Amino acid sequence: MALSRDQIAMRVAQEFKDGDYVNLGIGIPTLAANFVPEGIEVMLQSENGLLGMGRYPTEDEVDADMINAGKETVTAINGASIFDSAESFAMIRGGHVDFTVLGAFEVDVNGNIASWMIPGKLVKGMGGAMDLVAGAKNIIVTMTHADKHGNSKLLPACKLPLTGVNCITRIITDLAVLEVKDGAFHLQERAPGVSVEEIKEKTAGKLVVPDNVSEMSV
Amino acid sequence: MALSRDQIAMRVAQEFKDGDYVNLGIGIPTLAANFVPEGIEVMLQSENGLLGMGRYPTEDEVDADMINAGKETVTAINGASIFDSAESFAMIRGGHVDFTVLGAFEVDVNGNIASWMIPGKLVKGMGGAMDLVAGAKNIIVTMTHADKHGNSKLLPACKLPLTGVNCITRIITDLAVLEVKDGAFHLQERAPGVSVEEIKEKTAGKLVVPDNVSEMSV
Amino acid sequence: MSGFDKVVTSYAEAMKGLSDNMTIIAGGFGLCGIPEGLINQIKSMGTTGLTVVSNNCGVDGFGLGVLLEDKQIRKMISSYVGENALFEKQLLANELEVELTPQGTLAEKMRAGGAGIPGFYTATGYGTPVGEGKDVKHFDGRPYILEPSITGDFAIVKAYKADRFGNCIYRHTARNFNPMAATAGKITVVEVEEIVEPGELDPAHIHTPGIYVDRIIKGTFEKRIERKVLAKEER
Amino acid sequence: MSGFDKVVTSYAEAMKGLSDNMTIIAGGFGLCGIPEGLINQIKSMGTTGLTVVSNNCGVDGFGLGVLLEDKQIRKMISSYVGENALFEKQLLANELEVELTPQGTLAEKMRAGGAGIPGFYTATGYGTPVGEGKDVKHFDGRPYILEPSITGDFAIVKAYKADRFGNCIYRHTARNFNPMAATAGKITVVEVEEIVEPGELDPAHIHTPGIYVDRIIKGTFEKRIERKVLAKEER
């Protein structure tokens with residue numbers, strides 16, 4: 001069965017290594033912070049200028065001057081640091097953030113990603129997404145494998161305006177974990193109970209399937 | 001009579017306006033800080049990373065962590081700020097420092113300056129001089145009008161490797177105050193008792209002399 | 001050091017010299033760390049044809065959003081806009097131009113503008129609509145685009161505390177774009193919560209050295225919260 | 001947060017992985033704010049063929065100058081060198097290469113290297129020997145040269161205090177090149193006067209966020225003064 005949002009987040013969190021600095025996008029990526037495995041510590045970077053983002057505040061702790069990149073009220077952990085936005089993106093663009101997790105509309109077999117603009121709809125902007133995909137060492141894209149009409153989001157070539165080129169190497173969807181390399185999606189894991197056939201059917205771009213595809217443990 | 005080092009510094013200090021941020025090079029420029037006119041306040045920038053440089057320390061105040069760009073022990077005034085070298089040169093290169101005063105080997109009629117390298121002699125480096133001449137809003141060069149052999153330092157074209165091009169507009173020597181514009185040195189003031197003829201004689205580059213050349217008041 | 005006392009006592013004095021068609025660089029991220037009083041002063045001055053460089057454009061009726069009400073803004077340079085209905089309306093009616101700029105590129109453009117760096121290369125935006133028409137150069141085999149820097153006629157900044165010399169510190173994440181904005185204005189105006197005497201702020205911990213600041217005014221702030229989210233046990 | 005505890009207890013561990021022909025970026029200005037113990041460790045390791053990026057090269061027998069004694073440095077990238085006789089001797093004997101770089105350009109090259117900016121334009125050095133062979137581009141009619149950024153295999157940094165997560169603060173003008181150096185090393189090692197627990201340093205006043213730092217070691221420092229000048233009444 002397709003994974004729930006929480007299950008996708010859980011699978012994402014299994015990618016983290018102890019000591020990773022991680023930037024989590026809005027939506028499913030943010031949920032990953034709730035599922036960091038036992039014995040692993042990660043530190044969250046928020047691109048408005050906070051390293052060591054903590055939990056949401058209690059009513060007493062709410063402070064208009066302390067927000068995250070999603071403009072939500074937050075707290076900071078002991079040992080956090082706060083800096084300006086140029087410094088924050090120096091960290092991101094300089095490759096100091098170990099992991100970025102973000103959503104997308106489409107990813108293609110060349111690791112191109114489209115995530116910010118649908119022509120004809122009002123364009124609100126890319127925020128920090130273009131910087132993140134161009135800068136982070138490892139990027140994981142989380143999204144549903146297909147849209148609500150059943151159209152694949154894993155394409156031979158992105159159709160929407162791009163956020164970045166040749167930058168995505170790993171995708172975690174509600175159906176599968178895939179690596180992107182050599183012009184193809186390489187299936188690595190499938191969601192429990194999801195068949196390789198369903199994944200094939202919902203992957204429009206070239207898919208390489210190994211002999212054995214293990215089930216994710218979520 | 002030719003001005004003393006202190007007198008040159010005194011004349012330089014007359015250029016300062018109240019509220020100017022000033023960077024003073026090593027040698028005569030540094031002396032200018034001793035002659036800031038009554039009612040005028042300037043703030044000294046030291047390019048290693050100090051705005052609001054104060055006097056030299058007493059024995060008790062000496063601190064190895066508090067030095068100026070000349071690597072001398074210094075103090076900071078109340079209201080000083082300390083920053084890293086990138087920020088310091090952002091101030092300089094971004095044109096935020098109002099005034100830079102520095103020495104030179106040669107200046108020419110196009111405002112080019114040579115101040116860091118004499119071929120054949122050991123080259124120690126340009127330090128911050130190239131940044132300062134490229135960045136400051138107003139630059140004053142202080143030097144003796146001629147070298148000890150009597151050779152002019154105000155040339156048709158610099159002979160030594162340059163520190164910067166088209167950047168010098170004002171020169172204060174032991175003999176004169178000159179503006180550099182339109183491919184010529186424009187004589188503005190002469191040192192007390194120094195004749196226009198002597199200045200002409202010691203200026204190798206094109207010199208424009210107005211009908212009346214007032215004496216400096218130092 | 002009277003020549004360095006930058007405190008002004010009226011908003012009119014703080015924004016003196018602002019005129020139509022100027023470029024204003026504004027600090028702030030969303031509604032966090034915005035110079036509320038300076039924005040309201042611009043509204044009351046009625047200046048029009050403005051280009052405003054700011055990560056966002058406020059919300060309806062608050063922050064930079066108030067400058068939309070009388071169509072004072074001609075162009076926004078931002079990374080994310082449209083949190084307000086009026087913005088969307090003016091955009092769709094072609095009454096407002098938007099130059100969308102990646103957030104990190106925007107921050108770096110302001111810093112570069114203030115630092116005398118006219119342009120820099122970045123991988124951000126290469127191969128996307130942002131990179132179209134821009135110079136491309138390869139370094140170590142990877143393509144980068146040339147981004148020009150930004151400066152403004154005015155910079156409007158919100159700080160926590162400033163001394164009379166203009167040395168500023170910011171509070172928490174209200175820092176965001178403010179320090180870069182402060183460096184990039186021909187005239188930089190800082191609205192602060194508290195003015196202190198020189199020497200009261202630790203020289204080693206000044207966020208914006210006074211050299212960048214032309215005018216300081218003490219403001220009062222509503223500090224509206226855009227998205228109040230509480231810890232689970234509090235919901 | 002054990003994964004973020006960066007404290008090491010021996011200099012050998014601090015400089016582990018350094019090998020011949022690597023590039024080291026070093027903080028410090030003259031003898032102020034230099035990682036004395038890390039430099040001595042490099043000397044004792046005997047690593048050779050090093051490229052060292054630092055504003056200066058110490059003096060005879062102290063600071064980076066000690067690496068000259070066994071000819072460990074192949075190339076210096078600096079703005080001002082030669083305060084030591086041994087340096088001059090090796091330079092004249094062609095045993096040492098020097099790439100002179102304007103001080104502000106050097107600082108900006110380190111910052112750019114750490115920030116993922118492969119190159120930037122600057123007016124500094126245009127029309128001088130520094131600009132020779134470099135790309136020139138005009139912005140608003142003024143010529144600028146393209147300067148590539150610098151990164152190193154190691155960065156060696158001297159800070160005042162650091163917490164276990166690597167958040168650092170610097171003392172007075174011992175800050176100088178250290179924060180930029182810290183961002184530009186593949187492995188960044190910081191030698192500090194005092195190690196504190198996370199939470200002891202104010203998050204708003206961290207000079208180098210821990211994300212840039214790989215290893216921290218507590219050192220003891222001689223802090224030699226290059227030019228002790230006293231107020232007149234004390235002379």
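So you know, we letter chains A, B, ... as the sequences are listed, proteins then strands, and number each from 1. This structure is a prediction, so every number in the text was calculated from the model and none was measured.
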Side chains of Y56(A) and V229(C) in contact at under 4.5 Å (non-hydrogen atoms): yes
Working for side chain to side chain contact (heavy atoms under 4.5 Å, CB included), residues V130(C) and M126(A): CA-CA 10 Å; V130(C) 166; M126(A) 69 293 284; 3.6 Å; yes
Part of P102(C) lying under 4.5 Å from any heavy atom of chain A: both
Sub-4.5 Å side-chain heavy-atom contact between P129(C) and W116(A): yes
Verdict with reasoning, E226(C) to I67(A), per side chain to side chain contact (heavy atoms under 4.5 Å, CB included): CA-CA 9 Å; E226(C) 210 159 343; I67(A) 66 169; over 6 Å; no
Under 4.5 Å from a heavy atom of chain C, the part of N68(A) involved: backbone
Flag side-chain contact, heavy atom, 4.5 Å: Q103(C) against D131(A): yes
Side-chain ion pair, D63(A) and R171(C), N-O less than 4.0 Å: yes
Most chain A-contacting option - heavy-atom pairs closer than 4.5 Å, from I225(C), T173(C), T101(C): T173(C)
Where R55(A) and A231(C) come nearest, the two heavy atoms and their spacing: NH1-CB, 4.4 Å
Region of E61(A) in contact with chain C, defined by heavy-atom distances below 4.5 Å: neither
Best-contacting candidate, V123(A), V133(A), L132(A), L122(A), against chain C by heavy atom pairs under 4.5 angstrom: L122(A)
Option in L91(C), V98(C), N56(C), L92(C) with maximal non-hydrogen atom pairs under 4.5 Å from chain A: N56(C)
Among the listed options K109(C), M180(C), R111(C), the residue most often paired with chain A at heavy-atom distances under 4.5 Å: M180(C)
Closest heavy-atom pair and its distance - A134(A), R142(C): O-NH2, 2.9 Å
Test item: side-chain donor near acceptor, N176(C) and S85(A), under 3.5 Å: no
Contact leader toward chain C among T73(A), V62(A), N48(A), D65(A), where contacts are heavy-atom pairs under 4.5 Å: D65(A)
Atom group of N178(C) that falls short of 4.5 Å from chain A, counting heavy atoms: neither
Structural part of L31(C) lying under 4.5 Å from a heavy atom of chain A: neither
Check: A64(A) main-chain N/O paired with K223(C) side-chain donor or acceptor under 3.5 Å: no
Greatest number of heavy atom pairs closer than 4.5 Å to chain A - which of S79(C), G125(C), A107(C): S79(C)
Pair R93(A)-T105(C), side-chain donor/acceptor within less than 3.5 Å: yes
Heavy-atom contact with chain C under 4.5 Å, split by part of S88(A): neither
Lys/Arg cation over aromatic F29(C): K71(A), 6.0 Å, 45° cone: yes
Lys/Arg-Asp/Glu bridge criterion (N-O < 4.0 Å) met for K228(C), E59(A): yes
Structural part of L106(C) lying under 4.5 Å from a heavy atom of chain A: neither
NZ (K137(A)) with more than 12 external heavy atoms under 6.0 Å: yes
Heavy-atom proximity to chain A below 4.5 Å, by part of S78(C): neither
Side chains of D84(A) and F177(C) in contact at under 4.5 Å (non-hydrogen atoms): no
Pairs of heavy atoms under 4.5 Å with chain C: top-ranked of C167(A), G164(A), A69(A), A80(A): A69(A)
